[in-house]
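Below is one structure, written out as structure tokens, with a few remarks after it.
Fair warning: this is a prediction, and the values are worked out from it, not measured in the lab. Numbers here simply count residues along the sequence, with the first being 1.
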Amino acid sequence: VYWHAGQMRLPRTVQLISQWGQPVPAEDARTGDLVVFGAPGRHASHAGIYVGEGRFVHAPSSGGTVRLDHLASRHWAAQAISFRRP
């Protein structure tokens, strides 16, 4: 998505993505920001792209179907969440 929108290459792993770009406070998150799951400074477990209104798009597994989920859903709300902006 980032490549097609702006010729921007993201790091290959979620751990590297969790350190890429600039941190963004949750209250300032906007469409296009990265959502990273996992404690800051520790192992990041998953990432997606924030689309606004508390929702994000992601592939639940490698090769999985891309889908839209809510950050407030039971599974994702239990995770540590941070936002990054390229």
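- Counting non-hydrogen atoms of neighbouring residues, nucleotides and ligands closer than 6.0 angstrom, the NE2 atom of H75 exceeds 12 such neighbours.
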Working for side chain to side chain contact (heavy atoms under 4.5 Å, CB included), residues I49 and D33: CA-CA 6 Å; I49 300 173; D33 287 343; over 6 Å; no

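- With hydrogens and angles disregarded, a donor-acceptor distance shorter than 3.5 Å links the side chain of R84 to the backbone of W20.
- Aromatic ring orientation, F37 versus H46: tilted (interplanar angle from 30° to 60°).
- Scanning both residues, M8 and P86, for their nearest heavy atoms gives SD-CB, 3.4 Å.
- Here the closest non-hydrogen pair linking A47 and I17 is CB-CG2, 4.4 Å.
- Taking both residues in full, the closest heavy atoms of A77 and A72 are given as CB-O, 3.8 Å, listed atom of the first, atom of the second, then distance.
- Using a 4.5 Å cut-off on side-chain heavy atoms (C-beta onward), I81 and V36 make no contact.
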Walk me through whether E53 and H70 qualify under side chain to side chain contact (heavy atoms under 4.5 Å, CB included). CA-CA 9 Å; E53 298 180 8; H70 289 270; over 6 Å; no

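- Follow the hydrophobic side-chain contacts under 4.5 Å out from L68 and you reach L34 in the same cluster.
- Expressed to the nearest 0.5 Å, how far OG of S73 lies from CZ of R55 amounts to 13.0 Å.
- Aromatic pair F83/F56: centroids not less than 6.0 angstrom apart.
- Heavy-atom contacts from other residues, nucleotides or ligands closer than 6.0 Å to CD of Q7 number more than 12.
- Residues D69 and W76 form a side-chain contact, since some pair of their non-hydrogen atoms from C-beta on lies under 4.5 Å apart.
- Classification of R30 and D28 as a salt-bridged pair fails, no side-chain N sitting under 4.0 Å from a carboxylate O.
- The minimum heavy-atom distance between G52 and T31, with the atom names listed, is N-OG1, 4.0 Å.
- S18 contributes no side-chain N or O that, together with a main-chain N or O of A44, makes up a donor-acceptor pair within less than 3.5 Å.
- Side-chain contact between V57 and Y50 is absent, with no heavy atoms from C-beta onward closer than 4.5 Å.
- Here the shortest heavy-atom pairing between G48 and H58 reads CA-CB, 4.0 Å.
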